[in-house]
**Q** 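Once you've had a glance at the structure underneath, I'll fire off some questions.
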Amino acid sequence: MDMADIAARGLVLLGCGKMGSAMLAGWLEGGLPAASVSVIDPYPSDWLQGAGVHINQPLPESPAIVLIAVKPQMMGAALPNLQLLGGGDTLFISVAAGTSIATYEDILGANTPLVRAMPNTPAAISRGITAIVGNARASAADLDSAELLLSAVGQVVRLDSETQMDAVTGVSGSGPAYVFHLIETMAAAGEAQGLPAELAMQLAKATVAGAGALAEASEESPSQLRVNVTSPNGTTQAALEVLMDKTSGFPTLLKSAVGAATNRSKELSRD
Ligand SMILES: NC(=O)c1ccc[n+]([C@@H]2O[C@H](COP(=O)([O-])OP(=O)(O)OC[C@H]3O[C@@H](n4cnc5c(N)ncnc54)[C@H](OP(=O)(O)O)[C@@H]3O)[C@@H](O)[C@H]2O)c1
């Protein structure tokens, strides 16, 4: 399915908050006609009302896509309205954290093509990364359609199995918060060395953003990039001896942080 097929049959967006509107803005910019989009949202934002899409109106009979972007706790109230579209040719795509494929299949029927997706917050500036996995009914073409739509907010990767979703949540889903905390603590450490707060924060933000961009753009691995800037007995080596310490450094700390998030994700999906 390409954008023209989606435009012809229609796309339904359930929930147009932060994630929904970031995606919708990307689709409209990418040429999806506003008139082919139907949004369901109890309190449409001013931006949405000016976007030219259908808002809280009767839905197309067999839309190409239903994209679910409500909070997981709203799912019980929101989904039953779409039950009629289950079990047909409409592809359901959900970006709700922690809601399993089985939960959707219970409501919509197992014969519903479905893709579960896990985006992250840099999607707001089209620099997100989204992991996707389909149910048994989802075809290769369905996964391509999901990838096409989700690439409006950044990169898309495919998983072999839904069980990987918990670890993905622990790395990329919750990961932006780890990096925000890295920025906070780097800035605070700079202040502790005598720099003014504002300057320390500017240095920390630009260093994390610049190093991240370099790691993505470079053909060298992050490990090699690290080695390249570490001269023997220099300043970087002095810091890395602290950060790479086997018991108190990053390796142990991040392993247990990502482990804690992964375990919490497993617990939440059992609730
Ligand atoms: N933000 C992220 O970076 C991120 C990352 C990973 C996954 N996700 C997932 O994406 C989903 C949306 O997150 P978000 O940050 O975009 O949340 P959000 O800003 O709160 O957006 C949810 C939207 O759904 C609307 N809504 C509530 N009940 C509804 C109903 N019964 N029918 C239709 N719409 C309804 C909300 O309206 P009201 O505001 O009026 O309640 C709101 O506009 C969540 O499931 C979250 O787990 C988000």
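Just so you know, ligand 1 is whichever comes first in the structure, and atom 1 is the first atom listed for that ligand. Side chains included, hydrogens not; waters and symmetry mates left out as well; all remaining heavy atoms used.
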**Q** Using a 4.0 Å heavy-atom cut-off, say whether Pro72 meets ligand 1 through its side chain, its backbone, both or neither.
**A** both
**Q** Met74 heavy atoms, cut-off 4.0 Å: which ligand 1 atoms fall inside?
**A** 27 (C), 28 (N)
**Q** Any non-hydrogen side-chain atom of Ser38 less than 4.5 Å from a side-chain atom of Leu11?
**A** no
**Q** Verify the distance criterion only: is there a donor paired with an acceptor across the side chains of Ser231 and Asn233 at less than 3.5 Å?
**A** no
**Q** At under 4.0 Å between heavy atoms, is it the side chain or the backbone of Lys71 that contacts ligand 1, or both, or neither?
**A** both
**Q** Provide the number and element of each atom of ligand 1 under 4.0 Å from a heavy atom of Asn120.
**A** 3 (O)
**Q** Look up atom CG in Leu67 and atom CD1 in Ile93, then write down how far apart they are to the nearest 0.5 Å.
**A** 5.0 Å
**Q** With only distance considered, is Leu14 within less than 3.5 Å of ligand 1 through an N or O on each side?
**A** no
**Q** Pull out every atom of ligand 1 sitting under 4.0 Å from any heavy atom of Cys16, numbered as shown with elements.
**A** 23 (C), 43 (O)
**Q** Please could you name the atoms of ligand 1 that Ala78 approaches to less than 4.0 Å, counting only its heavy atoms?
**A** 30 (C), 31 (N), 32 (N)
**Q** Going by a strict under-4.0 Å cutoff (protein heavy atoms only), does atom 17 (O) of ligand 1 have a neighbour on the protein?
**A** yes
**Q** Where on Asn81 is there a heavy atom closer than 4.0 Å to ligand 1, on the side chain, on the backbone, on both, or on neither?
**A** neither
**Q** With a 3.5 Å distance limit and no angle check, can you tell me whether Asn120 reaches the backbone of Ser174 through a side-chain donor-acceptor pair?
**A** no
**Q** Would you check the N or O atoms of Pro42, main chain and side chain alike, for any that come under 3.5 Å of an N or O of ligand 1?
**A** no
**Q** Backbone or side chain, does any N or O of Ala97 fall under 3.5 Å from an N or O of ligand 1?
**A** yes
**Q** Among Val70, Val39, Ile40, which residue places a heavy atom closest to atom 44 (C) of ligand 1?
**A** Val70
**Q** Okay, side chain of Ser218, backbone of Glu220: is any donor-acceptor separation there less than 3.5 Å?
**A** yes
**Q** Determine whether a donor-acceptor pair (N or O, by modelled atom type, separation under 3.5 Å) exists between the side chain of Ser265 and the backbone of Thr169.
**A** no
**Q** Using a strict cut-off of 4.0 Å, indicate which atoms of ligand 1 neighbour a heavy atom of Met118.
**A** 6 (C)
**Q** If only side-chain N and O atoms count, and only distance matters, is there a donor-acceptor pair under 3.5 Å linking Ser94 with Tyr104?
**A** yes
**Q** Please determine, by modelled atom types, if Gln155 and Glu147 share a side-chain donor-acceptor pair under 3.5 angstrom.
**A** no
